[in-house]
Asks: 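One structure, as C-alpha cells, below. Some questions next.
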Amino acid sequence: MRPWLGAEEAAAAAAAVSSGWVAQGPRVAEFEAAFAASIGAGAQPRELHGIAVSSCTAALHLALVAAGVGGPGESAHPDGAGAGRDSAADEVVVPSLSFIATANAVRYVGAVPVFADVDEVTQNLTPQTVAPRLTERTRAVILVDQAGVPADLDAMRALCEPRGIAVVEDAACAAGAVYHGRPVGAGAQLAAFSFHPRKLLTTGEGGMIVTPDPGAAARLRRLREHGMDVSAAQRHAADQPVIEHYTEVGFNYRMTDVQAAIGLVQLGKLDRLVARRRELAQRYQHLLAGIPGLRTIADPPWGKTNYQSFWVLLPGGFGVSRDELMRRFAAAGVSARRGIMAAHLEPAYGGRNSALLPVTERLTASSVILPLFHELTESEQDVVVSVIRAAAETSNVTARRRSPGDSLAEAG
Ligand SMILES: Cc1ncc(COP(=O)(O)O)c(C=O)c1O
C-alpha cells in the first residue's frame, strides 16, 4: 500500500501549523462533521455523529466502553448501572482472523475475547459462526468488515440485539465500501474507522467513531479527552472563565488538527480512491481468472468492497507453498504480504491451533495480499501476475510429476 498524498494535503497541514492550533481544535470538528455526513448521506440519509480519535484501536476501545462492556465486578457506567454485576468478566465475540487490535480492544476493557470462525468467501463473521459462541456473559460482538468487504450487519444485529448483545462494527478497513446501497457504518450503532496509511483514507494515524446516538457521542467526546466535560476549544471560545470537570476516568485519544486537515483533503478524494482500486482489482481478477482453483477477494451479494486489501487464496495442491510464493515475490521486487493474521495463533492469545477455527486457520495459512494502491500501474500489476502464473505453472508440473501415469511416461 502506498497512500495517495500530494501537495493539497501538504498545504492543508501547513495551514494548520500556521494557524497556531495544532492539537484537537476546529479542523477536527470540521473533519468529524464532514466524515459523519459522508457516511450518513445516500439513499436513506441518517444524522450521524463523528468522534475523531487517535486510531481505530482507540475507537474500538471507546466503543466497547460506550456499549457498557467491562471486566469482573466493574461498573462500566458512570451512573452505576452494571454495579453489582457478578465477578465474571464480560465476553465479546470477535473474529480471530483480524488485525490483533480487534481482540486487544476487548482486553483493554477487562473483558474476554471469544474467537469465532469466519465465512470462507467474505472472511467475515456470520450469524452461523457467532451463534455457537454466545453465552450468558456475551455483551457484544465486534463485526469486522475484513479487507473492506462489508459484513452482513443486519443479519448480525438480528441475531444479537434481541438477546441484548451490542454489535460494534470494526470498519477499520471499510471507508468507502457500501452495504445495501449505503456507506458502510451507516446502519451501525457504533462503527469504528481507521485512517492508518494502509487504509484508503489516511491521516497518518487516526480513527473515527460514528454513531446515530447523540448521548453516546457526547460521552465518547468526553472519554477521548480524559473525561473532561468542557473541551479545550469550548473553553477557548468562552468569554468568561470556564472551570472544567472530569466526569469519569477517560483517555487521551485526541486527533490533532494537523491530521484532521489532511483528513479533510483525503475525504474529498475518497470516491476517486475507491473507483481506482475497484478498477485495478477487476483487472487482477480478470488476469488471475485462468489459474485453476485460485480465489480472490470479491464483492458480497449485499454490497461493494473498497478493496482495501486484495487477497488471493491459494488452492490446496498449489505447487509452491505460500511462503515460497512470498519469497518469489520478494525476489521479483514485489512487496506482497501474508493474508490476514489470526490472533489466536499469536503468543499474546495462546499461540495454539484451535479445532473451533478451521476456516480461519486455512485462510491465514494460504492467502497472500497483493500490492494495490492508487498509483499502481498496469505494468507493475503484470509483474505481480506473472509471478503467480509462474508459480501456478510450477504447480502443474509438480502435479503431473506426482501422477503415476505421467511419471512413467517421463521415466520412459
Ligand atoms: C480490522 C482492523 N481493526 C482495527 C485496526 C486498528 O487500526 P489502527 O491502526 O488505526 O489502530 C486495524 C488496522 O489495521 C484493522 O485492520
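For the single chain, residues carry numbers from 1 onward in sequence order. Order of appearance sets the numbers: ligands from 1, and atoms from 1 within every ligand. None of these values were measured; they are calculated from a predicted model.
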Asks: Check R362 with E120, please: is the shortest side-chain N to carboxylate O separation under 4.0 Å?
Replies: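 Answer for the salt bridge query: yes.
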
Asks: Can you pull out the closest protein heavy atom to atom 3 (N) of ligand 1? Residue, atom name and distance to 0.1 Å, please.
Replies: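 The closest one turns out to be D170 OD2, 2.8 Å.
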
Asks: List ligand 1 atoms under 4.0 Å from S55, heavy atoms only on the residue side.
Replies: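 In order of number, 10 (O), 11 (O).
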
Asks: Under 3.5 Å, which donor-acceptor pairs link side chains of residues 259-270 to any protein atom two or more places apart or in another chain?
Replies:
| residue | atom | partner | partner atom | Å |
| --- | --- | --- | --- | --- |
| Q259 | OE1 | T256 | N | 2.7 |
| Q259 | OE1 | T256 | OG1 | 3.1 |
| Q259 | NE2 | E205 | O | 2.7 |
| Q266 | OE1 | T202 | N | 2.8 |
| Q266 | NE2 | W4 | O | 2.8 |
| Q266 | NE2 | E9 | OE2 | 2.8 |
| K269 | NZ | W4 | O | 3.1 |
| K269 | NZ | E9 | OE1 | 3.4 |
| K269 | NZ | E9 | OE2 | 2.8 |

Asks: Atom 7 (O) of ligand 1: which protein heavy atom is closest, and how many Å away?
Replies: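 Checked against all protein heavy atoms, atom 7 (O) of ligand 1 sits closest to C56 CB, 3.3 Å.
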
Asks: What do you reckon, does E205 have a nitrogen or oxygen under 3.5 Å from a nitrogen or oxygen of ligand 1?
Replies: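 Looking only at distances, the answer is no, because the N/O contact criterion of under 3.5 Å is not met.
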
Asks: Regarding D382 and R283, does a basic nitrogen lie under 4.0 Å from an acidic carboxylate oxygen?
Replies: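 Answer for the salt bridge query: yes.
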
Asks: Look at atom 13 (C) of ligand 1 and say which protein heavy atom is nearest, naming residue and atom and giving the distance to 0.1 Å.
Replies: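 It is K199 NZ, 3.1 Å.
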
Asks: Taking 4.0 angstrom as the limit and counting only heavy atoms of S194, give me the atoms of ligand 1 inside it, by number and element.
Replies: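 Result: 7 (O), 8 (P), 10 (O).
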
Asks: Under 4.0 angstrom from ligand 1, any heavy atom of G207?
Replies: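 No; G207 lies far enough from ligand 1 that no heavy-atom distance drops under 4.0 Å.
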
Asks: Give the atoms of ligand 1, by number and element, whose distance to some non-hydrogen atom of A101 is under 4.0 Å.
Replies: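 Contacts of ligand 1 toward A101, numbered from 1: 4 (C), 5 (C), 6 (C).
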
Asks: I'd like to know if E375 pairs up with R2 as an ion pair, taking the criterion as any Lys NZ or Arg NE/NH1/NH2 lying under 4.0 Å from an Asp or Glu carboxylate oxygen.
Replies: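 No salt bridge links E375 with R2.
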
Asks: Heavy-atom contacts with C173 under 4.0 Å: which atoms of ligand 1 show up? List them by number with element.
Replies: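 So the atoms of ligand 1 that pass are 16 (O).
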
Asks: CD of E324: more than 12 outside heavy atoms within 6.0 angstrom?
Replies: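 Count over threshold, so yes.
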
Asks: Does R224 have any salt bridge (Lys or Arg N to Asp or Glu O under 4.0 Å) partners at least two apart in sequence or in another chain, and if so, which?
Replies: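 Applying salt bridge (Lys or Arg N to Asp or Glu O under 4.0 Å) to R224 gives E32.
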
Asks: Nearest protein heavy-atom contact for atom 2 (C) of ligand 1: which residue, which atom, what distance?
Replies: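 Of the protein heavy atoms, A172 CB, 3.4 Å lies nearest.
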
Asks: Salt bridge check, E30 against R27: does any charged N sit closer than 4.0 Å to a carboxylate O?
Replies: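 No, R27 and E30 are not salt-bridged.
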
Asks: Is a side-chain donor or acceptor of R139 paired with a backbone partner of I165 at a separation under 3.5 angstrom?
Replies: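 Not confirmed, R139 side chain does not pair with I165 backbone.
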
Asks: Give the atoms of ligand 1, by number and element, whose distance to some non-hydrogen atom of S98 is under 4.0 Å.
Replies: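 Heavy-atom distances to S98 below 4.0 Å select 1 (C).
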
Asks: Would you mind listing which atoms of ligand 1 come within a distance below 4.0 Å of any non-hydrogen atom of V144?
Replies: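 Counting from 1, the qualifying ligand atoms are 1 (C).
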
Asks: For atom 11 (O) of ligand 1, what is the closest protein heavy atom, and at what distance to 0.1 Å?
Replies: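 Residue, atom and distance for the closest contact: T57 OG1, 2.5 Å.
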
Asks: Does the plane of the ring in F195 sit parallel, tilted or perpendicular to the ring in F31? Use 30° and 60° as the thresholds.
Replies: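 Tilted.
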
